[in-house]
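Reviewing the structure listed below.
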Amino acid sequence: MTFLPLRARPIDDGHALFVNDAGRFFSGSSAFLGRLEQESLTVEDMTWLASEGHAIVEGDQLGANALAHGIAERLTVAGALDYLILVPTLRCNLSCSYCQVSRAGLGQSGFDWTDATLAAVGRQLDELTTDRIKIEFQGGEPTLRPDLIKAVIERCERFSERQFVVCTNLQELDDELLELFDRADLFISTSLDGDRVTHGANRTGNDADTARFMTNLETVIRRYGPGKVSALPTVNPASPPPIDALIESYASLGLESIFLRPINFQGFARKRHQDSREQDATWRGYYERFVRRVIERNWEDRSRVLEETYFSICLRRIFQPGRERHVDLRNPNPMGIDYIVVDHDGIVYPTDEARMLSRTRVIDLSIGDVFTGWAGHKRDRLNLHATNQFDPACRRCVYQPYCGRDLVDDLARYARIDMPRLETEFCRRHLHIFDFIFELIYSSDPAVNYSLSRWLRIPGVPHAFGARIP
Amino acid sequence: MKVSASFKLTAADRPAGLRAGEWIEGFYPDVIVTFGGSRVQLECERRSVATLELIWHSYLANEKLLERGAADRSSVLQTLLQ
C-alpha cells in the first residue's frame, strides 16, 4: 500500500493546495483532488507524487527516511541557553495607553535590579556553555540604567559571538548612551507608530516629546545607518493609520522592515483596548492591503526592498526550514530552555508575554529566579504542551509543518491552553497569513514574484515558486 | 445571497464524511454543513459553488488520507524518536 502523507486546502485560484508532512507542497486541479479523494490516481499522478516525495510505496525505506528527515528539519531542537531578555528596570519615562508590561513610574523605587540581582545575572552568564550570546535589554526603559547595561555587556566579553539589542523609546539620548550605542555588537530597537501625529497620540502625548523622539531617531540613524536601528509600529486596529503614511514614515528614515503589529492583548491594553483580544476581518484586510502596497512600491522603485517583517518570517518558514528562529512561531516551542526573560526583580519567565501576564496578575507564569535557577516542575509542565504535533485540528491543517504553538498567547486571551485550536486568535491569524502567502506564491504577477524573491533573500526570480499538477 | 452545494455520500464514505463536515465548520466558520440521508449540503453567503466543492472534496480527502496513513505516520514518528 502506498502512503500519501498529504493534507489539502482550497486556495483562492480555484485549485487546492497539497502539503506533505515535511512541508513540501504543490497545487492541484479539482480533477486531481477528485482522483485523490476517490483513490483513483493515475500512473502519471503516482509517478510524479513519488518522484517529489509525496508518495511512499510500501518497502521504500529511502523514501520513508527522506520524509522523516524533512519532518525533523522543521522541528525545533532547543539548544543551550544563549538568548536572554533582561529587564534591568521596570521604570519608564513614557506611559503608553497599550503598554504591555504595566510599567512603573519614573521616580518609583524598588523597580530596578539590586546589586544582588546584577551579581546573580552575572553568575548565570558565567555558567552558560555556549560560545555565542544574544541579550535584549527591555523594560520599562532600560536606558534609564546604562550602568546595568554596561555591567552585563562587560560580563559577556568572553563570548566569541555577541549581540546586544537595546529596546528603547529613544526619548533621551546623551553622550553616555551614544558611547554605549557605538559598540559594533549593539543594536537599537525602538517603536515608531507612524507619522508624528499618530506616534504622539499613541505614545508621547505631546508635540515636544514627539519632536525629541524623532530627532533622536534621526540622530541614531544618521550616526549608525539604518542597519543598526530597527523600529516597530504598534497599530490600533480600530483606527489604523493610512497605509502609505505608515510606510513612508519608515521609508523616509531608510528603515526597510516594518513589523505590522496590532495592539497586543497584554498589560494596560487588556483594560484600555479590550477589543484587541481578537482581530477581525477588518484588520486582516488592512494587513493584506499593506503587504500588497509594499509589493507595489518594491516594483515601482527597485533600488530598495521594503518588507512586512512577519510576512517574511512566515514565508521563510515555508521555504527555508530550520533557518528561522522566531520564537513565536516554532514547533515544538520549548520554554525556558534556549531563551529566558529576567525581570526587574530577578524572577525568570519563559517569554516576555509570560512576564506581562504575571505582572497583570492574570496568571503567575514565573519558572524560577536568577538566584536559585528555573529548571523545575513548572517549566516542564508547560513544555509538555508546547507542540502542535498531536492537536486534532493541526493534524488536519496543511500549514501545520510551518506553524507553531504559543501556549502563553492562549493563556493571555482565553485563560486556558485547551481551547479548540481553530477558535484561537493564534490559529485564525496564521490560517489567514498562510492562505495569503500561498495566494501570492501561486500568483503570476511579476511584481509579486519579485518581492517574494527579495524577502526570501534569493538571487533573481525563479520561474515558479511552487509546482502544479493538472 | 446564500450559495449551496450538495454532494452524494456513499455508505463507505459516510464515517469520513461526517468527520469532514465537522472539521469544515471549524476551518470555515461561515460554512454550514447539513447531512440528510445519503447527501450532504454545504451552505454559505460569500463563497462560490466551485469553492464549496473544493472545500468538501479537500476535507473529505483529508479524512481519508489521515485514516489510511495513520500507521505509516506513527512509524515515521517512531523513526524520529529513535
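Chain letters run A, B, ... following the sequence lines, proteins first, then strands; residues in each count from 1.
We find the CG-CG distance between A:L6 and B:L66 to be 12.0 Å, quoted to the nearest 0.5 Å. The CD atom of B:E22 sits 8.5 Å away from the CZ atom of A:R396 when rounded to the nearest 0.5 Å. For the atom pair CG of A:L36 and NE2 of B:H57, the computed distance is 11.5 Å after rounding to the nearest 0.5 Å.
In this structure, the portion of B:L80 lying under 4.5 Å from any heavy atom of chain A is its side chain and not its backbone. Using a 4.5 Å cut-off between heavy atoms, A:L4 contacts chain B through both its backbone and its side chain. Of the atoms belonging to A:P420, not a single heavy atom falls under 4.5 Å from chain B. Contact annotation for B:E63: only side-chain heavy atoms (C-beta onward) come within less than 4.5 Å of a heavy atom of chain A. A:R395 touches chain B through backbone and side chain together, each having a heavy atom under 4.5 Å away. Only the side chain of A:F390 comes within contact range of chain B, with at least one heavy atom under 4.5 Å from a heavy atom of that chain.
Counting heavy atoms from C-beta outward, B:L54 and A:S30 have side chains that approach closer than 4.5 Å. At a threshold of 4.5 Å between non-hydrogen side-chain atoms, the residues A:F3 and B:R73 count as touching. Here the side chains of A:I71 and B:V76 are in contact, with some heavy-atom distance below 4.5 Å. Contact check for A:C397 versus B:F27: side-chain heavy atoms found under the 4.5 Å cut-off. Under the 4.5 Å side-chain criterion, counting only non-hydrogen atoms from C-beta, A:E37 is not in contact with B:L65.
In terms of modelled atom types and a separation under 3.5 Å, the side chain of B:N62 and the main chain of A:R7 share no donor-acceptor contact.
Among all heavy-atom pairs drawn from B:A61 and A:L33, the shortest one is CB-CD1, 4.2 Å. For the residue pair B:Y59 and A:P10, the shortest heavy atom distance occurs at CE1-CD, 4.2 Å.
In this structure, A:L62 places its CG atom where only 12 or fewer heavy-atom neighbours from other residues, nucleotides or ligands lie under 6.0 Å away. Annotation for A:Q389: atom CD counts as buried by contact number, over 12 foreign heavy atoms lying within 6.0 Å.
Listed options A:P392, A:G34, A:G28 were ranked by heavy-atom pairs under 4.5 angstrom with chain B; first place goes to A:P392.
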Give the C-alpha distance, both sets of side-chain angles, the deciding distance and a yes or no for side-chain contact (heavy atoms from CB on, under 4.5 Å) between B:Y28 and A:L431.
CA-CA 10 Å; B:Y28 301 94; A:L431 273 176; over 6 Å; no

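A salt bridge links A:E39 and B:R68; the closest N-O separation between the charged side-chain nitrogens and carboxylate oxygens is under 4.0 Å.
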